[in-house]
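All residue numbers in this chain count up from 1 along the given sequence. Since the structure is predicted, the reported quantities are computational estimates derived from the model, not experimental observations. Side chains included, hydrogens not; waters and symmetry mates left out as well; all remaining heavy atoms used.
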Amino acid sequence: MIDLERHPYFTSYIDPETGIKSYVLTERVAEAQRHFYFVNTSLTYDSKYLWIVCSNAPARINSLAVVSLDPDNPFIRHFPGAGFTGTGNCPLILPGTHDVIFAEGKTIYKVTVDGEITKVFTLGNDVLMGRQRWLERVFTHASISADGKMLALDSYITGKTYMGVLNLETKEYKLIDVLNQFHDHVQFSPRDNDLFLIDQEWWFDPISGERFNYKNRTWLMDVNGTRFEPLIQASWFGRDGSRISHDFWSKDGNYICYNDYEKGAYECNIDTREITHVWKRPICHAHTNADRSLWVADQTPYAWRNKPCDVLLFDRETSKEIEIFSKLPYFTIEDADKAYHIDPHPAFTDDGEYIISTTTVMDRNVDVAITPVKPALQICREKGRTTNQ
């Protein structure tokens, strides 16, 4: 367990409507501080370190910092050189280590808690073909195969997605396919070394500027290029009111969980394709603990400028939900939503003991919050409202 009560860098915050306690990182090294995109945890496997993404407006540059969670040896180290531009390229803590990989330009790097930065791989000219300036990203967010050997690269260049994998041991790159649409959010299966999901995304044509919506959100591919199929055949966006969006693997790899903006959270059995409607209410981003008994979500950062945003906890056993953060105020940084992709993005840590999110409860600053799960769940069961009716 993390002793956040004694940690000098964290300030406790109790939601005035629900009474749920969280701890906000108020020690600052940047104007905006947020956790990783929700599919990649910011907490190391041993709970010793918290990695965060730092930004200072109006620059579009993001950089990394690491926080020691030992209250007797606290420190926060900011590494301006460990940075990346744009809203993609979400970093990843390498499994079983304290190190983080990130991408800037055409190169992938690794950074340690001591700030040592080393080069991992550079995308070659056989893919770039002299188009370095048109490379939007090497990966959306880093994802590693179940055996830890392969890194997925959904590189986006001049309106095409170059789907490839990198062998982390040999540094050999394999191009799987070139997709003539905008695909992103590649995530390896936690149980199958060869399988990954890849999303189809709405996109702007890089020449005409026209906006196109996606047809089917979640697709399955393999590293051999022998498979490319939609997870759910009849889930075309906009058909029958379908608005399927953010997806992720369950921790055991048996399910792909996803959201519908209007209808709520679902899970799809990867073997039988049986679909279960788990949480019936409008949500945006959602995430689960290991056994999928608890869910968290934000609603809705897409209207945040005009309406406060909520972060919610859902208990599947009782069908009760409650706000972890109710009525989050919009942040103060001008145009930061476009430059830095600031959403609460609540997510469970790998051990399920905490929920990490980006919050604005402290004077509308962009901060990282850690919420202990057990006391929040107890309040949810005592005071939460029943949903799924």
Side-chain angles (χ1 to χ4, degrees), residues 32 34 36-40 53-55 57-64 81-92 100-110 119-144 150-166 173-188 196-215 217-219 221 228 245-247 285 302 335-343 345:
R34 59 201 188 280
F36 291 177
Y37 190 69
F38 71 96
V39 298
N40 288 352
V53 177
C54 302
S55 309
R60 296 180 64 87
I61 299 170
N62 304 284
S63 54
L64 293 170
F84 53 95
T85 52
T87 58
N89 298 341
C90 176
L92 170 76
V100 167
I101 57 172
F102 66 97
E104 169 55 18
K106 61 182 180 179
T107 301
I108 299 169
Y109 299 91
K110 181 178 74 172
K119 186 182 296 185
V120 175
F121 172 76
T122 297
L123 196 62
N125 202 47
D126 53 337
V127 174
L128 291 173
M129 294 180 283
R131 299 172 298 172
Q132 289 91 331
R133 70 178 61 187
W134 304 113
L135 173 68
E136 183 170 319
R137 63 164 195 270
V138 172
F139 53 66
T140 312
H141 42 72
S143 179
I144 290 180
M150 292 287 186
L151 176 68
L153 307 182
D154 52 351
S155 307
Y156 191 61
I157 313 168
T158 62
K160 297 181 180 181
T161 303
Y162 289 74
M163 185 59 231
V165 290
L166 173 68
Y173 172 83
K174 175 184 177 181
L175 179 63
I176 299 172
D177 203 353
V178 180
L179 306 172
N180 291 315
Q181 284 184 309
F182 187 12
H183 290 263
D184 60 0
H185 292 297
V186 168
Q187 299 167 56
F188 264 115
F196 54 86
L197 71 80
I198 180 170
D199 289 339
Q200 192 178 84
E201 188 70 88
W202 63 267
W203 59 293
F204 291 99
D205 184 276
I207 305 301
S208 69
E210 295 175 274
R211 186 187 191 278
F212 296 91
N213 220 333
Y214 54 87
K215 301 295 191 298
R217 173 70 178 187
T218 310
W219 297 72
M221 293 187 74
F228 185 56
S245 60
H246 307 97
D247 46 32
H285 309 93
Y302 294 166
D335 290 331
D337 52 343
K338 298 177 181 178
Y340 311 133
H341 193 49
I342 296 175
D343 293 333
H345 287 146

Enter the distance from [X]:[atom1] to [Y]:[atom2] here, rounded to the nearest 0.5 Å.
{"X": "L64", "Y": "I101", "atom1": "CG", "atom2": "CD1", "result": "11.5 Å"}
{"X": "L179", "Y": "Y156", "atom1": "CG", "atom2": "OH", "result": "11.0 Å"}
{"X": "I198", "Y": "M163", "atom1": "CD1", "atom2": "CE", "result": "5.5 Å"}
{"X": "T140", "Y": "Q187", "atom1": "OG1", "atom2": "CD", "result": "9.5 Å"}
{"X": "I176", "Y": "M221", "atom1": "CD1", "atom2": "CE", "result": "5.5 Å"}
{"X": "F102", "Y": "F36", "atom1": "CZ", "atom2": "CZ", "result": "10.5 Å"}

Holding to side chain to side chain donor-acceptor pair (under 3.5 Å), I want the full list of residues that pass it with [X], two or more places apart in sequence or in another chain.
{"X": "D247", "value": "T218"}
{"X": "E136", "value": "none"}
{"X": "S63", "value": "H78"}
{"X": "Y162", "value": "R131"}

**Request:** Just jot down the salt bridge (charged side-chain N to carboxylate O under 4.0 Å, His left out) partners of E104, sequence neighbours excluded, or say none.
**Result:** none
**L123 and Q132: CA distance, side-chain angles, deciding distance, side chain to side chain contact (heavy atoms under 4.5 Å, CB included) verdict** = CA-CA 9 Å; L123 196 62; Q132 289 91 331; over 6 Å; no
On a heavy-atom basis, which atom in [X] and which in [Y] lie closest, and how many Å separate them?
{"X": "M129", "Y": "D126", "answer": "CG-O, 3.9 Å"}
{"X": "H141", "Y": "V186", "answer": "CE1-O, 3.6 Å"}
{"X": "A152", "Y": "V165", "answer": "CA-CG1, 4.4 Å"}
{"X": "G105", "Y": "L135", "answer": "O-CD2, 3.4 Å"}
{"X": "Q200", "Y": "K215", "answer": "OE1-N, 2.5 Å"}
{"X": "N40", "Y": "C90", "answer": "ND2-O, 4.1 Å"}

Could I get the full list of side chain to side chain contact (heavy atoms under 4.5 Å, CB included) partners for [X], not counting sequence neighbours?
{"X": "F212", "value": "W203, D205, E210"}
{"X": "F204", "value": "W202, R211"}
{"X": "E201", "value": "F182, D184, H185, Y214, R217"}

**Request:** For Y173 and L153, run side chain to side chain contact (heavy atoms under 4.5 Å, CB included): C-alpha distance rounded to whole Å, both residues' side-chain angles, the deciding distance at 0.1 Å, then the answer.
**Result:** CA-CA 9 Å; Y173 172 83; L153 307 182; 3.7 Å; yes
**Asked** So, Y340 side chain and V53 main chain: donor-acceptor pair closer than 3.5 Å or not?
**Response** no
**Asked** Any donor and acceptor pair, going by atom type alone, linking the side chain of T85 with main-chain N or O of R60 inside 3.5 Å?
**Response** no
**Prompt:** Is L128 atom CG crowded by more than 12 heavy atoms from other residues, nucleotides or ligands, each under 6.0 Å away?
**Reply:** yes
**side chain to side chain contact (heavy atoms under 4.5 Å, CB included) assessment of I342 paired with R34** = CA-CA 8 Å; I342 296 175; R34 59 201 188 280; 4.1 Å; yes
